[in-house]
Colleague: 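Here it is: the structure, laid out below.
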Amino acid sequence: MFVRQYKKLPAFRTVAVEWLMLGFVLVLSGLLIAYFVWNERGLLMASNVERMRLQTLIIDENLSHQLEGVRSALDSVRDTLRAGGNCAVECRRTLLQSLKRAMPGVRALLVVDRKGDIVMSDDDLRDSRLDDHDYTSRVERMRDPDTMYLSQPYENTPGIFNIKLSLGLTGADGRNAGAVSAILNPEYFDAVMRSALYAPDMNSAITEDSGRRILFVPADPAAMRNTSAAPDPFFVRHQASRRAETVLDGATASGEQRLVVQRTMLLRGLGLDKTLVVSLGRNQALIASGWHSMAWTSGVAWLVFGITSSGALLLVQRRRQVLDDLAAAREDEQAAAAEKVELALNGANLGLWEWNMGADRTTVDGRAAAMLGYTLEELNAGALNWRDMVKPDDMQGIEAALAAHLADSSRSFEAEYRLRHRSGHWIWVQSRGRVVERDADGKPLRMLGTRMDISARKLAEAEIAHLAFYDGLTNLPNRRLLLDRLHHAIAKTARNNIHGAVLFVDLDNFKSLNDTMGHDMGDRLLEMVAFRLTEVTRETDTVARLGGDEFVILLEDLGADQQQAMGNAAAVAGKVLDSLSRCYTLDAHELRSTPSIGVVLFGAEHHTINDLLRQADMAMYEAKAAGRATFRFFDPHMQVALDASATLEADLRFALQRDELRLYYQPVVDGSGRVTGVEALLRWQHPQRGLIAPGEFIPQAEKSGLIVELGDWVLAAACRQLVGWSATADSAHLTMAVNVSARQFRQPAFVDQVLAVLERTGADPRLLKLELTESMLLTDMDDVIAKMTTLKAHGVGFALDDFGTGYSSLSYLKLLPIDQLKIDRSFVHDMLHTRHASSIVRAIITLAYSMDLAVVAEGVETREQWSALEAFGCNAFQGYLFGRAVPLDELAVLPDGGAYCTPCELLPAAMLDMSI
């Protein structure tokens with residue numbers, strides 16, 4: 001009574017405390033959110049500043065490295081031009097060209113006189129557009145030999161600004177005698193600057209000490225032309241700070257708030273006459289958008305949390321009042337609940353046992369006794385020993401579990417075993433226990449534990465074991481049990497000289513039924529199919545479900561005579577066909593599903609399980625091809641196609657040993673029809689089948705891995721032929737193109753093998769050209785470039801075959817050290833018929849020449865195609881118009897020092913495959 005009155009005391013103190021606690025939590029969480037948002041803002045700004053500083057440092061290092069290279073090149077040119085040098089005009093021009101090619105950032109190298117006129121350039125074009133008046137007027141004042149002079153940006157092509165770096169030339173009297181200059185490639189430096197822009201709102205610039213911008217990314221031609229504009233205010237602030245690196249923020253002339261990081265380039269040892277400043281800028285509003293979003297999200301979450309928690313507290317307080325009113329009723333219910341718990345324990349049928357290990361006597365409670373059909377007095381009287389009640393087969397397991405528990409007291413005793421019931425049958429029990437008392441020496445004295453009847457669980461486990469060998473849907477034997485029975489059936493037929501058969505049954509159009517009627521309806525159909533199959537077969541036969549709608553029937557004891565066995569098997573197949581073709585009634589739906597059946601016999605001859613199932617499957621597909629709803633016996637001729645493939649592979653393995661491979665050569669000509677080289681194409685001179693085109697055996701070689709050995713043979717034979725041609729002036733100039741398969745190229749030792757062949761044969765590597773396909777570029781680009789670069793250094797050339805038909809990125813193309821693109825024959829064939837093909841051919845030719853690559857058009861078959869390709873600028877051709885692939889003795893080489901192809905008529909279609 002006192003407790004109830006206490007509970008009814010005014011609860012305003014509790015309510016006040018709860019609301020104060022809630023308010024404290026809300027304030028604290030709000031402060032934490034504000035702290036985390038502010039900290040996130042600081043981290044975001046700091047990370048952007050640090051990243052921008054790192055990018056400016058990277059730009060500084062890249063540009064400094066490039067300028068060092070330019071300085072070194074200019075020093076080399078100046079040293080060569082000094083009086084007393086033994087380098088003639090052609091030697092100097094070659095030096096300029098070599099230095100230019102070695103520096104991707106240099107557009108041109110020039111030597112000018114004191115008036116600024118070009119005396120010599122890397123291509124000797126004397127292009128006046130490469131000059132500007134500001135530069136020419138300053139040449140005469142370049143008297144300091146250690147100073148490298150930087151010109152102002154000047155525009156010789158609309159929108160493209162060039163910059164010159166120059167070193168003065170001085171005569172014996174110390175006066176200026178001209179200058180050597182490098183015109184920097186703006187696109188190269190633009191790419192370096194763009195690589196630092198990791199966000200679309202960023203810009204980057206290089207500014208000299210006068211405030212004039214030398215380079216600006218994104219490009220702003222109007223700002224570059226406006227030489228009278230005031231210097232950028234951020235640049236002015238940077239210069240005023242006199243620090244090498246500054247981080248500034250503020251508004252631009254347009255009012256945009258930006259964060260700018262600027263770095264003065266050190267340029268140690270360059271002697272540059274100007275100071276350069278690299279700057280990176282970002283829009284502060286976009287930087288702040290990240291933490292703004294977090295602040296809004298956190299604020300909304302905090303508000304939702306406050307509203308939700310306040311509502312929850314109100315609900316709790318109201319519920320508390322209700323619970324207080326029900327407290328008395330709950331106390332009355334607790335007694336009833338205790339009774340229910342006791343009933344639940346009894347329902348769990350969990351018996352207790354105690355084992356006095358010293359006296360070797362066990363006692364149990366009433367539930368444990370009832371579990372075995374005994375009374376409590378009968379089991380606790382000591383007349384029955386618990387060991388006598390255990391099934392002897394399980395005693396070893398009990399002793400092992402007991403020994404493990406006694407050896408490690410942290411582990412409980414647990415064992416499953418069978419006990420004899422009073423009625424005589426065995427029941428499975430699970431017993432768990434633990435030693436609860438030991439003597440002073442640690443010897444166990446007493447154990448307590450529980451015992452539970454698990455007979456139902458063991459029955460379920462037996463059912464699971466059944467499912468391991470039987471299909472869960474149809475209750476038919478599954479694949480595992482079928483293979484076991486088929487193994488025994490094969491052994492039995494071989495031993496008793498009788499025949500058996502395997503029937504492979506597949507339901508026609510079962511997938512359509514599943515898709516239209518649903519999987520439940522499909523499962524019911526499979527159950528009815530299984531029932532009908534067991535109806536039309538003997539009890540000694542095995543009907544199994546492989547999976548899906550595939551069933552296998554194993555027939556045994558079909559007779560010693562093969563014809564009799566075939567008849568019996570056909571009779572069963574007919575019954576199966578008739579039974580499964582009858583109408584199925586499923587939920588008022590009448591369905592029809594016919595089977596396709598493949599039958600294969602097996603007898604005394606050797607068979608394997610896989611062979612029989614594969615042959616039955618092949619026969620089943622023959623039944624489907626015959627119109628379905630029928631059966632077919634396995635025909636040994638079905639194996640012919642597979643055997644032919646195996647025979648081809650076996651013959652191909654001996655082709656190298658028997659010297660059956662041949663090289664054919666298709667000429668490659670220039671615009672005047674002069675043969676400049678050939679492409680080596682592989683043929684197989686089979687002793688029985690005659691000449692075999694590569695399309696028949698190359699796929700099998702790729703599949704079996706023999707393509708690597710064939711590729712090595714082709715490469716060696718081609719190099720030997722190059723050596724043979726080098727002995728005659730008429731053919732010494734011919735190049736040799738050899739196709740390399742992807743599998744051969746990806747061999748780790750490919751480079752060493754090529755170099756070994758060149759060394760062994762003595763062939764000139766400059767005349768060897770390896771043709772690659774675009775598919776090789778799709779994986780491990782770094783490995784491809786490394787191998788090509790190594791071979792390129794030894795003089796081997798590379799061509800990209802069938803260009804335009806693959807999926808390689810043009811960004812990869814500029815990284816590859818290739819010499820030639822080959823236009824695929826499909827584009828050449830269609831270019832006179834479709835505008836798109838013509839545009840593609842023209843684009844490939846333009847792309848090749850812009851990258852200093854040669855280009856060859858394949859598949860040229862008519863004079864019209866030849867003329868169109870010449871009009872596009874193509875100057876190398878290959879195709880039937882100039883000659884098909886022929887043996888060496890049919891390749892024409894004229895005695896006047898050159899080989900020519902006279903355009904021939906289009907060859908018949910029968911020759912096309914032989915010219916691959």
Side-chain angles (χ1 to χ4, degrees), residues 458-496 498-508 510-511 514 519-520 522-559 565 568-582 584 593-603 607-621 623 631 633-634:
K458 286 295 184 179
L459 184 62
E461 290 176 355
E463 180 67 18
I464 293 173
H466 173 79
L467 293 176
F469 293 96
Y470 289 86
D471 179 55
L473 177 64
T474 62
N475 205 33
L476 293 177
N478 60 13
R479 184 183 185 89
R480 178 186 296 181
L481 185 55
L482 170 67
L483 295 180
D484 180 70
R485 292 186 179 178
L486 185 56
H487 173 75
H488 290 290
I490 292 174
K492 178 180 177 181
T493 55
R495 184 172 56 253
N496 299 334
I498 56 177
H499 288 84
V502 173
L503 279 66
F504 199 103
V505 182
D506 184 88
L507 302 182
D508 299 327
F510 179 74
K511 184 178 183 303
N514 256 350
H519 289 277
D520 292 341
D523 290 345
R524 293 182 59 187
L525 176 65
L526 293 176
E527 292 174 345
M528 296 186 70
V529 168
F531 175 74
R532 292 186 183 184
L533 289 177
T534 55
E535 276 191 326
V536 298
T537 54
R538 300 169 297 180
E539 292 184 359
T540 56
D541 299 330
T542 298
V543 179
R545 182 187 177 211
L546 286 187
D549 60 337
E550 295 178 342
F551 296 84
V552 172
I553 302 175
L554 172 61
L555 304 178
E556 300 185 58
D557 298 328
L558 295 181
N568 293 335
V572 175
K575 291 180 181 179
V576 171
L577 183 63
D578 179 67
S579 177
L580 299 188
S581 298
R582 295 198 306 269
Y584 298 87
S593 178
T594 59
S596 295
I597 306 172
V599 186
V600 60
L601 290 179
F602 60 93
H607 297 281
T608 66
I609 295 175
N610 290 334
D611 286 343
L612 290 178
L613 292 178
R614 186 177 68 253
Q615 291 168 358
D617 185 59
M618 293 173 63
M620 182 271 294
Y621 278 106
F631 66 89
F633 278 86
F634 171 74

Colleague: With a 4.5 Å heavy-atom cut-off, do V599 and V502 have their side chains touching?
Modeller: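 In short, these two side chains do not touch, never coming nearer than 4.5 Å.
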Colleague: Would you compute the distance between atom CG of L555 and atom OG1 of T537 and round it to the nearest 0.5 angstrom?
Modeller: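 Separation between the atoms: 8.0 Å.
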Colleague: Quick one: list whatever passes salt bridge (charged side-chain N to carboxylate O under 4.0 Å, His left out) with D549, sequence neighbours left out.
Modeller: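 With neighbours one apart ignored, the set is empty.
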Colleague: Check S581 against P595 and note the closest heavy-atom contact, atom names and distance.
Modeller: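 Looking at all heavy atoms of both residues, the closest pair is OG-CD, 3.6 Å.
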Colleague: Which value, rounded to the nearest 0.5 Å, describes the distance between T474 atom OG1 and M528 atom CE?
Modeller: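 The distance works out to 14.0 Å.
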Colleague: Rounded at 0.5 Å granularity, tell me how far CG in L473 sits from CZ in R545.
Modeller: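 Reported to 0.5 Å precision, the distance equals 5.0 Å.
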Colleague: Under a 3.5 Å distance rule, please check whether H499 uses its side chain to pair with a backbone N or O of G603 as donor and acceptor.
Modeller: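 Not at all, since once roles are kept as given, no pair shorter than 3.5 Å links the two residues.
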Colleague: Do the charged groups of D578 and K575 touch, with an N to O distance under 4.0 Å?
Modeller: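 The answer is no: the pair does not qualify as a salt bridge.
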Colleague: Check L601 against L612 and note the closest heavy-atom contact, atom names and distance.
Modeller: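 Here L601 and L612 meet closest at O-CD2, 4.3 Å.
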Colleague: Are any side-chain N or O atoms of N568 and backbone N or O atoms of A565, one a donor and one an acceptor, separated by less than 3.5 Å?
Modeller: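 Checked: no pair found.
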Colleague: D617: what forms a salt bridge (charged side-chain N to carboxylate O under 4.0 Å, His left out) with it, not counting sequence neighbours?
Modeller: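 Not a single residue meets the salt bridge (charged side-chain N to carboxylate O under 4.0 Å, His left out) criterion with D617.
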Colleague: Looking at T534 and F531, would you say the former's side chain and the latter's main chain have a donor-acceptor pair under 3.5 Å?
Modeller: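 At least one qualifying donor-acceptor pair exists.
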Colleague: Looking at A530 and F551, what are the two nearest heavy atoms and their distance?
Modeller: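 For A530 and F551, the tightest heavy-atom pair comes out as CB-CE2, 4.4 Å.
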Colleague: Does Y621 have more than 12 heavy atoms from other residues, nucleotides or ligands lying within 6.0 Å of its OH?
Modeller: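 Result for OH/Y621: open.
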Colleague: Is there side-chain contact between T542 and L476, with at least one heavy-atom pair below 4.5 Å?
Modeller: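 Of all side-chain heavy-atom pairs linking L476 with T542, none is under 4.5 Å.
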Colleague: Is the Lys NZ or Arg CZ of R532 less than 6.0 Å from the centre of Y584's six-membered ring, within 45° of the axis?
Modeller: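 Yes, R532 and Y584 form such a contact.
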Colleague: Heavy atoms only: give me the nearest A544-N478 pair and the separation to one decimal.
Modeller: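 That would be CB-O, 4.3 Å.
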Colleague: List in chain and number order the residues that pass side chain to side chain contact (heavy atoms under 4.5 Å, CB included) with D557, two or more places apart in sequence or in another chain; answer none if no residue qualifies.
Modeller: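 In terms of side chain to side chain contact (heavy atoms under 4.5 Å, CB included), with neighbours along the sequence ignored, D557 is linked to K492, I498.
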Colleague: Please check if the number of heavy atoms outside R480 that lie under 6.0 Å from its CZ is greater than 12.
Modeller: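 Not buried by this count: 12 neighbours or fewer within 6.0 Å.
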Colleague: Checking side-chain polar atoms at under 3.5 Å, does D506 have a donor or acceptor matched by the opposite partner on S596?
Modeller: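 S596 and D506 do not have a side-chain donor-acceptor pair below 3.5 Å.
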